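What you see is a predicted model, and the numbers here were worked out from it, not measured in a lab.
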Number of protein chains: 2
Amino acid sequence: MQLTRRAEYAIRTMLDIASNLDDQPLMSKEIAARQDIPPNFLIQIVPELRSAGLIHTVRGSGGGIYLTKKPSEITLRYIVEAIEGPIALNQCLIGDASCERKPRCPVHEVWALAQKQMLAVLEATTLAGLVDQSQSGKKASKTSAPTDVAGKINNEVELEV
Amino acid sequence: MQLTRRAEYAIRTMLDIASNLDDQPLMSKEIAARQDIPPNFLIQIVPELRSAGLIHTVRGSGGGIYLTKKPSEITLRYIVEAIEGPIALNQCLIGDASCERKPRCPVHEVWALAQKQMLAVLEATTLAGLVDQSQSGKKASKTSAPTDVAGKINNEVELEV
DNA sequence: CCTAAACTTTAGTAAAATGGTTAACTTTAT
DNA sequence: ATAAAGTTAACCATTTTACTAAAGTTTAGG
């Protein structure tokens, strides 16, 4: 019931690149150093991010990594699923194949809802929003739309438990 | 990022007992048969539920298992955490010990929110509500208050993603 | 064209988690 | 007593996790 280190490192990597202002590609080793990622582990994760179409890699001297999309178009959910595959909080939520217990099992839809709630947050969070938030403090930049996703969701979601 | 079989089986077990109308204790072996749980695996899970204070067990001939609390007082979250320990979607959410990256890491609070959303669902769901729901179809029983937790939450939670 | 810098690929590996099984033990109703 | 129930502890195969390592490939620059 926990994010793997791979996915955590993938998120850090994507965020590191998104925070980069220069247009020159970043080296894997540098990213690893900045983000506290074992460098030999990261070079294993990078190809996965590339296969998922999230990054472009340039080989050879002077090479490195850059994003393929705009940070505002990359959600946290997308990054996580690029590494771990589709998120499923319970075995009965894997794929669309409904479990055989489903008709009589009232718990299934509870897990479905819990997962939906969780995914809504991960899907509403983009790299742009995260970069924006970590840079706030100097001035309230209104450059990218979803400035404070977390706060935004938070207000609409209060439950009377 | 997925519920273990242990916890899934624990939920089924608790639900099975809560659905039992007689006041005589249920046998582990019978529960296992009804709920598609490997019987030898269940007898390993039962003591954990007991240690957590969720069930009472009676040894010896004629013994078995019954709940210690009212089904309306037992939440899904409580059952899961009785088996798996505290839920933490990311390593940085374990305990109250904030990760050392927290001050500069904008992702932390996103995971915190995602988890809060998920836990809200698991916490709003009680055994009584689940039993009630699986029995509906004959007549809309209004015996226990939270009849349709899932639907209830669902309405209040729409996000404009 | 040679070399160093960068990513790629493949293999290996120790430790822990997962999902069980087995068997000896204790308690208790009849 | 004895059989029925839960208790405890040990065991086990497989998979996942989190890495490390090494040999290979591509490419810029001299």
Side-chain angles (χ1 to χ4, degrees), chain A residues 1-13 16-17 24-33 35-52 54-68 80 83-85 87-92 94, chain B residues 1-13 16-17 24-33 35-68 80 83-92 94:
Chain A
M1 199 76 122
Q2 202 170 116
L3 195 75
T4 60
R5 300 272 79 203
R6 295 179 87 83
E8 163 74 18
Y9 293 155
I11 294 169
R12 288 189 201 174
T13 297
D16 189 275
I17 305 173
Q24 62 187 348
L26 295 180
M27 291 187 303
S28 161
K29 201 178 292 184
E30 286 177 355
I31 297 172
Q35 300 295 331
D36 304 315
I37 304 172
N40 288 327
F41 197 16
L42 182 54
I43 66 176
Q44 197 184 46
I45 296 169
V46 164
E48 296 182 49
L49 290 174
R50 204 206 45 180
S51 305
L54 280 169
I55 57 174
H56 237 283
T57 54
V58 181
R59 290 159 71 138
S61 178
I65 307 167
Y66 52 91
L67 300 183
T68 51
V80 171
I83 299 296
E84 301 195 353
I87 290 174
L89 283 187
N90 196 345
Q91 217 174 47
C92 67
I94 293 177
Chain B
M1 199 74 123
Q2 202 171 115
L3 195 74
T4 59
R5 301 273 78 202
R6 297 178 86 82
E8 164 74 18
Y9 293 155
I11 294 169
R12 288 189 201 175
T13 297
D16 189 275
I17 305 174
Q24 62 186 348
L26 294 178
M27 289 187 305
S28 161
K29 202 178 289 182
E30 286 177 354
I31 297 173
Q35 301 294 332
D36 303 314
I37 304 172
N40 287 328
F41 197 16
L42 182 55
I43 66 175
Q44 196 184 46
I45 297 169
V46 164
E48 297 181 48
L49 290 173
R50 204 204 45 176
S51 305
L54 281 169
I55 57 175
H56 239 283
T57 54
V58 181
R59 290 160 72 142
S61 178
I65 307 167
Y66 54 91
L67 302 183
T68 51
V80 171
I83 299 297
E84 300 195 353
I87 290 174
L89 282 187
N90 195 344
Q91 217 176 46
C92 68
I94 293 177

Of the candidates D:dG6, C:dT21, D:dA18, the side chain of A:Arg5 sits closest to D:dA18
On DNA chain D, nearest-nucleotide positions of A:Pro39 versus A:Gly60: which is more 5'?
-> A:Pro39
Atom pair CE/CG of A:Met1 and A:Leu89 - distance to nearest 0.5 Å | 5.5 Å
Calculate the interatomic distance between B:Lys29 atom NZ and D:dT7 atom P; express it in whole Å.
-> 14 Å
Just call it for B:Leu3: base, sugar-phosphate, or nothing, with non-hydrogen atoms closer than 4.0 Å on any strand.
-> nothing
Expressed in angstrom and rounded to an integer, what is the separation of A:Leu54 atom CG from C:dC7 atom P?
-> 17 Å
Would you kindly give the CD1-to-C1' distance between B:Ile43 and C:dT22, to the nearest whole Å?
-> 9 Å
From D:dT20, D:dG6, C:dG19, nucleotide with atom closest to B:Thr4 side chain | C:dG19
Candidate nucleotides C:dG20, D:dC19, C:dT8, ranked by approach to the side chain of A:Thr57 - the nearest = C:dT8
Value in whole Å for how far the C1' atom of C:dT9 lies from CD1 of A:Ile45 = 15 Å
Look up atom CG in A:Leu67 and atom OG1 in A:Thr13, then write down how far apart they are to the nearest 0.5 Å.
-> 10.5 Å
Verify, without hydrogens or angle tests, whether A:Glu84 (side chain) and A:Leu3 (backbone) share a donor-acceptor contact under 3.5 angstrom.
-> no
Selected nucleotide, minimal atom distance to B:Arg59 side chain, candidates C:dT9, D:dA10, C:dT26 = C:dT26
Nearest heavy-atom pair of B:Ser28 and B:Leu42: which atoms, and what distance?
-> O-CD2, 3.5 Å
Mind checking whether A:Tyr9 and A:Phe41 have parallel, tilted or perpendicular rings, split at 30° and 60°?
-> perpendicular
Quick note, A:Phe41 side chain, CB onward, closest among C:dG20, C:dT18, D:dT20 is D:dT20
Taking only N and O in the side chain of A:Arg50, is any of them less than 4.0 Å away from OP1 or OP2 of C:dT8?
-> yes
Taking only the side-chain nitrogens and oxygens of B:Tyr9, find out if one of them lies under 4.0 Å from OP1 or OP2 of C:dG20.
-> yes
Quick one: on DNA chain C, does B:Ser61 or B:Asn40 contact a more 5' nucleotide (nearest heavy atom)?
-> B:Asn40
Return the value, rounded to whole Å, for the distance between atom CG of A:Leu42 and atom C1' of D:dC19.
-> 12 Å
Value in whole Å for how far the P atom of C:dT28 lies from CD of B:Gln24 | 19 Å
So what does A:Leu26 hit on the nucleic acid, given a heavy-atom distance under 4.0 Å: a base, only sugar-phosphate, or nothing?
-> sugar-phosphate
Expressed in angstrom and rounded to an integer, what is the separation of B:Gln44 atom CD from C:dA17 atom C1'?
-> 13 Å
D:dC19 P sits how many Å from A:Asp36 CG, rounded?
-> 12 Å
